[in-house]
Amino acid sequence: MKESPFPIRPLSLVAVLLSPALALATNGYFPAGFGVKSQGVAGVGIALPQDALAAATNPAGTALVGDRADLGLTMIVPRRGAEIVGNAFGADARYSGDKKKNFFVPDLGYTRRVTPDTSVGLAVYPNGGMNVDYSSNPYARFGASGPAGVDLKQLFISPSVAHRINDVHTVGVALNVAYQRVWAKGIGLFGGFSSAPANVSDQGTDSTAGVGLRLGWIGKLAPGLTLGATWASRIHGRFDKYKGLFADGGGFNIPENYGVGLAFEATPALTLAADVQNIRYSQVGSIGNSVASLFTGQPLGVAHGAGFGWKDMRVLKLGFVHQTRPDLTLRGGLSFASQPVPSGETFLNILAPGVVRNHLTFGATWARPGGGELSGFISHAFGQTVRGSGSIPPGIPPGGFGGGNANVHMKQTMLGVSYGWTL
């Protein structure tokens with residue numbers, strides 16, 4: 001493992017425990033939300049902290065959820081794949097990326113008040129990732145061999161501290177210690193287009209670690225009306241084993257993201273809430289740079305080299321929380337997102353078909369005797385296809401790949417449960 005100033009070995013141990021799961025997300029490669037309760041309201045949480053995972057969304061929430069611990073597990077059932085149509089090097093064909101079909105994602109959180117106005121917390125959770133594994137290689141017609149796929153995993157360990165300035169304003173900060181792992185296989189043909197041909201494909205798993213900050217604020221604007229804001233810095237990452245695939249010599253930063261949220265107590269039993277989030281994928285070269293430069297002679301892996309061409313993603317999340325009975329709380333939500341993958345960038349995004357946009361969620365919590373809480377949610381990301389437009393350049397390599405288009409598609413269902421303890 002490469003040397004790093006960050007605590008990679010402890011992170012590696014945690015990542016090994018969680019790695020069967022850190023594989024797929026739905027807002028690009030970010031998750032829709034953090035924690036089972038937030039997932040039940042479509043990921044809403046900036047102004048609506050509900051459990052000890054609150055700091056993953058807004059660290060100010062660490063001071064507002066009380067002394068508690070939460071442990072959750074989510075099953076993710078994605079379906080993703082691609083088509084190649086109108087291509088001179090082979091007949092139209094459809095490819096399934098579902099060699100691995102189901103994933104299980106744990107998370108945990110802990111919060112504790114240390115003074116009447118100050119609380120600390122710890123959240124451990126997958127920030128996101130992407131997995132696609134093709135038994136039948138979509139790039140075989142161009143000279144690739146073997147199964148093709150990419151697996152990206154991101155784990156965050158976030159200690160937080162929050163302070164209630166007064167009855168109106170609460171602020172918080174979290175240290176985001178991020179650990180990333182990746183492997184890529186079956187795309188060795190791109191070695192002929194790379195500044196480091198030996199570091200494009202089939203190099204096994206590589207890892208990187210970095211540190212960033214998340215800041216947050218929650219304020220009560222009026223009785224029953226709460227506003228929140230949060231911002232997370234970009235986190236540096238670099239995969240040396242794949243420096244010939246990813247732009248900037250293997251650079252793979254986690255993008256800056258920020259948002260605002262609103263929560264309104266419509267009745268003593270009903271809270272309505274909304275978040276608006278922006279994820280700045282376009283600011284990370286390996287993610288946001290267009291693949292077009294590859295077809296004009298600029299090799300993979302160089303500074304400002306080709307990437308997946310993702311745009312910034314803007315997400316609107318709407319949800320409700322209803323205290324139906326003293327021991328039963330119901331939740332629901334909808335989220336709507338912009339499309340990060342342009343139609344002209346689908347050829348490389350066969351490896352990263354994170355194209356779903358809209359989600360419908362439901363959740364519930366049963367309060368148990370003795371202060372425990374059993375929560376659950378179900379979420380469906382509706383199927384989405386991005387059809388390529390001029391996505392495969394005509395002609396023969398190095399300037400072309402026979403023309404036609406790549407279409408990428410994905411849908412996903414998630415089910416999660418958690419148990420929370422009041423301490």
Side-chain angles (χ1 to χ4, degrees), residues 14 17-18 21-22 31-74 104-128 154-164 170-178 213-218 226 228 230 232 259 261 263 271 273 275 319 321 323 329 331 333 361 363-368 370-377 414 416-423:
V14 177
L17 296 175
L18 300 184
L22 311 181
F34 300 101
V36 164
K37 289 184 178 181
S38 175
Q39 292 275 29
V41 283
V44 171
I46 295 175
L48 186 67
Q50 298 182 80
D51 59 24
L53 272 296
T57 303
N58 184 347
T62 297
L64 301 176
V65 295
D67 295 349
R68 62 179 296 125
D70 292 274
L71 179 64
L73 181 68
T74 296
F104 294 88
V105 178
D107 57 49
L108 60 93
Y110 172 84
T111 55
R112 171 73 73 173
R113 187 173 60 177
V114 293
T115 75
D117 297 315
T118 303
S119 297
V120 296
L122 177 68
V124 181
Y125 54 96
N127 183 66
Q154 294 180 345
L155 169 73
F156 272 33
I157 299 176
S158 298
S160 61
V161 59
H163 180 70
R164 300 186 68 171
T170 302
V171 295
V173 59
L175 185 70
N176 287 334
V177 182
L213 289 176
R214 179 174 290 279
L215 308 178
W217 163 81
I218 295 175
T226 302
T230 185
T271 298
D275 285 357
V321 179
Q323 186 77 42
T329 302
R331 300 179 179 86
T361 69
T365 294
W366 292 268
R368 311 301 300 159
E373 296 176 343
L374 178 64
S375 299
F377 85 95
M414 297 190 296
V417 295
S418 70
Y419 198 84
W421 297 266
T422 300
L423 303 176

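Side chain of Asn58 to main chain of Trp217: a donor-acceptor pair is present (N/O by atom type, distance under 3.5 Å, no hydrogens or angles). Judged by distance alone, with hydrogens and angles left aside, the side-chain atoms of Thr361 form a donor-acceptor pair with the main-chain N or O of Gly40 at under 3.5 Å. Side chain of Thr62 to main chain of Val161: no donor-acceptor pair is present (N/O by atom type, distance under 3.5 Å, no hydrogens or angles). Remark: the backbone N or O of Thr57 is paired with a side-chain donor or acceptor of Thr230 at under 3.5 angstrom. Panel note: side chain Asn127, backbone Phe156; no donor-acceptor pair is recorded below 3.5 Å. A donor-acceptor pair is defined here as one N or O able to donate and one able to accept, closer than 3.5 Å; no such pair exists between the side chain of Ser160 and the backbone of Val173.
Pairing each heavy atom of Gly33 with each of Ser38, the nearest pair is CA-OG, 4.2 Å. Between Ala55 and Arg214, the closest heavy-atom pair is O-CD, 3.8 Å. For the residue pair Pro59 and Ala162, the shortest heavy atom distance occurs at O-CB, 3.4 Å. Among all heavy-atom pairs drawn from Ala47 and Asp275, the shortest one is N-OD1, 4.2 Å. Contact between Asp107 and Leu71 at its shortest, heavy atoms only, is O-CD1, 3.4 Å. Scanning both residues, Leu48 and Thr271, for their nearest heavy atoms gives CD1-CG2, 4.0 Å.
Remark: of the listed residues Arg331, Gln323, Lys37, Arg331 is the sole one forming a side chain to side chain donor-acceptor pair (under 3.5 Å) with Thr365.
Side-chain atoms of Val120 and Thr111, non-hydrogen and from C-beta on, never get closer than 4.5 Å to each other. Between Thr226 and Ile218, some side-chain heavy-atom pair lies under the 4.5 Å cut-off. Glu373 is not listed as a side-chain neighbour of Trp421, based on a closest heavy-atom distance of 4.5 Å or more. No side-chain heavy atom of Val105 sits less than 4.5 Å from a side-chain heavy atom of Leu73. In this structure, the side chains of Arg164 and Thr118 stay at 4.5 Å or more apart for every pair of heavy atoms.
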*Using the side-chain contact (heavy atoms from CB on, under 4.5 Å) rule, take Val417 and Phe377 through it: C-alpha gap first, then chi angles, then the decisive distance, then the call.*
CA-CA 7 Å; Val417 295; Phe377 85 95; over 6 Å; no
*Kindly indicate, with the supporting measurements, whether the criterion side-chain contact (heavy atoms from CB on, under 4.5 Å) is fulfilled by Asp51 and Val65.*
CA-CA 6 Å; Asp51 59 24; Val65 295; 5.8 Å; no
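A ring pair (Phe, Tyr, Trp, His ring centres under 6.0 Å) check over residues 44-73, counting only residues at least two apart or in different chains, returns nothing. Under the ring pair (Phe, Tyr, Trp, His ring centres under 6.0 Å) criterion, the residue pairs touching residues 32-63 are Phe34-Tyr125, with sequence neighbours excluded.
Rounding to the nearest 0.5 angstrom, the gap separating the CG atom in Leu213 from the CG atom in Asn176 is 7.5 Å. Rounding to the nearest 0.5 Å gives a distance of 5.5 Å between CG of Asp117 and NE2 of His163. Rounded to the nearest 0.5 Å, atoms CZ (Arg68) and CD (Gln50) are 9.5 Å apart. With rounding to the nearest 0.5 angstrom, the CD atom of Gln39 is 10.0 Å from the CG atom of Leu53.
Using a 3.5 Å distance cut-off with no hydrogens or angles, the side chains of Ser418 and Asp70 do not pair a donor with an acceptor.
Taking the charged nitrogens against the carboxylate oxygens, Asp67 and Arg112 do have a contact shorter than 4.0 Å, which makes a salt bridge.
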